[in-house]
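Can you keep this structure in mind? I'll have questions shortly.
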Number of protein chains: 2
Amino acid sequence: MQTLRERKKQRTRIALLRAALGLFTTRGYEETTVDDIAAAVEVSQRTFFRYFANKEEAAFAVQEMVEAYYVAAVRRRPPEEAPMEALRRAVLEGWDGLSEVVESVVPVELHLRMYRQVESTPSLLAAHLRRSAETEEKIARVLAEREGLDVDADPRPRLAVAVFGGVMRVTERQWSQGDDFSLAGIRELTVSYLEQVGPALTESWRQG
Amino acid sequence: MQTLRERKKQRTRIALLRAALGLFTTRGYEETTVDDIAAAVEVSQRTFFRYFANKEEAAFAVQEMVEAYYVAAVRRRPPEEAPMEALRRAVLEGWDGLSEVVESVVPVELHLRMYRQVESTPSLLAAHLRRSAETEEKIARVLAEREGLDVDADPRPRLAVAVFGGVMRVTERQWSQGDDFSLAGIRELTVSYLEQVGPALTESWRQG
DNA sequence: TGTCAATTGTCAGTGGCTGTCACTAGCCTC
DNA sequence: GAGGCTAGTGACAGCCACTGACAATTGACA
């Protein structure tokens, strides 16, 4: 980030991002046109599309950073940890480091509000799920490497990641529909649900 | 299906569906315009949108039937079966009854080809994942009812379904990327992966 | 300071999708 | 079986996401 040009670009990008997330979370995603976002930052619509391939990409730019952080966290986990435990700890690291990662671009609170917007907007939810699937693929590869396996020959890394991802999805969804919108709230829910998966799969649900 | 009007409508709908799936699987989803589909059936574009809310809906109309069949199969499972076992058997019933369900509208082979098209088309994959999430919600409610639980108070039904769904997604994906495109192929893969989840989560992956 | 390259704006066009309105063809009643 | 009713359709206009092309501008750097 040296030259004036580069600084200017960075500023435009962040301004577009902030304007986009701000409008998405207040007015709604579908109700916000790309023209609205561009106008808010006083650039042309064409310029918006030079920074983001599409409207959706702007919505997930921050999430992108968070996911990269999470994948890196998995990669950093000590190799003696069992796969599921590594995923568990990495996710918690993710929640703990979220503020730091996000705050450099937008206020955490805005990002958390965006999270809920995603859950309540069908097209965004669809995009989110596809992106999650991509992230899961990356993580499966990391796990496979840790364990010295070939992802394409052994289904276990992908299976484990998919199962874990399923739990995370339920967590996100329940959090976004509850009334505790804090970072601590979703962290707690993560811990709680991960504890309950095992029993939920093996033990009877009746007469607790 | 009595009056001439109704029969005509049904025929138009199926013609649109067949034309759509045909074009999607040969030319590709993004490469097929709604105008193309309408032209193939010799109706106006506006008419297409009177039968399907959007292009995506045409792509998933058959899948919709299959999923409804699957949900019904879960509902039919005897209540003494453990939740995961009920899901397992219902899915297998689903594969077994697929031909019958699908063939009334389009050839099974076309539907299976569409399945693969979905996996390789980002926008379709996203839509598919969101639709799967909706189906999982329905199934979680069925399971909860079976077990006499409140879905919103007890996370276990949703967790179990999400875990199971995760495995199914890996199955679909691997099947669509392999070279056995038969119905038997995906059925076998389903059985195989479901057998491997348990061990994958609990046992060590190292030194066989 | 002048040249070059990166960045941006403008314009025109495509495709998905919607509202409106007029028209036609099947349906139903008398 | 003639005529009115209405579902289904086509034609048209318009919005929005997105793209390609080209011209104008502005920072970089000799």
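Below, chain A is the first sequence line, B the second, and so on; all start at residue 1.
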| task | Classify the side chain of A:R46 and the base of D:dG20 as holding, or not holding, a donor-acceptor pair under 3.5 Å. | result |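 In this structure, the two groups form a donor-acceptor pair.
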| message | Check this one for me: any side-chain N or O of A:S44 less than 4.0 Å away from OP1 or OP2 of C:dT8? | response | no
| Has the side chain of B:Y29 got a donor or acceptor atom that lies under 3.5 Å from a matching backbone atom of B:E56? |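 Checking the backbone N and O of B:E56 against the side chain of B:Y29, a donor-acceptor pair under 3.5 Å is found.
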| query | A:L16 CG to C:dT8 C1': how many Å, rounded? | reply | 12 Å
| said: Ignoring hydrogens and geometry beyond distance, is the side chain of A:R50 in donor-acceptor contact with the base of C:dG9 at under 3.5 Å? | reply: yes
| Heavy atoms under 4.0 Å, any strand shown: does B:S123 hit a base, just sugar-phosphate, or nothing? |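 If one applies the 4.0 Å heavy-atom cut-off, B:S123 turns out to touch nothing in the nucleic acid.
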| Exercise: do A:S132 and A:T135 side chains pair donor with acceptor under 3.5 Å | no
| message | Rounded to whole Å, please give me the gap between CZ in A:F48 and P in C:dT8. | response | 14 Å
| field | Phosphate OP1/OP2 of D:dG27 contacted by A:T3 side-chain N/O (<4.0 Å) | value |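 Answer is no, no contact under 4.0 Å.
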| Under 4.0 angstrom between A:K9 side-chain N/O and C:dT7 OP1 or OP2 |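 True: A:K9 side-chain N/O within range (under 4.0 Å) of C:dT7 OP1/OP2.
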| Verdict with supporting geometry, A:R146 and A:E81, side chain to side chain contact (heavy atoms under 4.5 Å, CB included) | CA-CA 10 Å; A:R146 266 170 66 101; A:E81 244 170 30; 3.8 Å; yes
| field | Closest-nucleotide ordering on DNA chain C, the 5'-leading residue of B:T33 and B:K8 | value | B:T33
| request: In whole angstrom, give the distance that lies between atom CZ of B:R5 and atom C1' of C:dT24. | output: 11 Å
| Does B:K55 make a side-chain N or O approach to OP1 or OP2 of C:dG15 shorter than 4.0 Å? | no
| task | Look at the side-chain N and O atoms of B:Y51 and state whether any lies under 4.0 Å from the OP1 or OP2 oxygen of D:dT9. | result |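 Checking D:dT9 against B:Y51, a side-chain N or O does come within under 4.0 Å of OP1 or OP2.
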| message | Test your reading of the model: is there a side-chain donor-acceptor pair from A:R77 to the backbone of A:R88, 3.5 Å cut-off? | response |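 Side chain of A:R77 to backbone of A:R88, a donor-acceptor pair under 3.5 Å: no, none is there.
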| said: Rounded to whole Å, please give me the gap between CG in B:N54 and C1' in C:dG15. | reply: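 My rounded result for the distance is 14 Å.
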| request: Determine, step by step, whether A:Q63 and A:H111 satisfy the side-chain hydrogen bond (donor to acceptor under 3.5 Å, both in side chains) criterion, reporting the C-alpha distance in whole Å, the side-chain angles of both residues, the deciding distance to 0.1 Å, and the verdict. | output: CA-CA 8 Å; A:Q63 182 66 19; A:H111 176 243; 3.3 Å; yes
| remark: From CZ of B:F49 across to P of D:dC15 the rounded distance in Å is 17 Å
| note | A:E30 atom CD is separated from D:dC16 atom P, nearest whole Å, by 12 Å
| Whole angstrom value for the distance that separates P of D:dA13 from CD of B:Q45 | 15 Å
| task | Measure the distance from CD on A:E6 to P on C:dA6 and round it to the nearest whole Å. | result | 12 Å
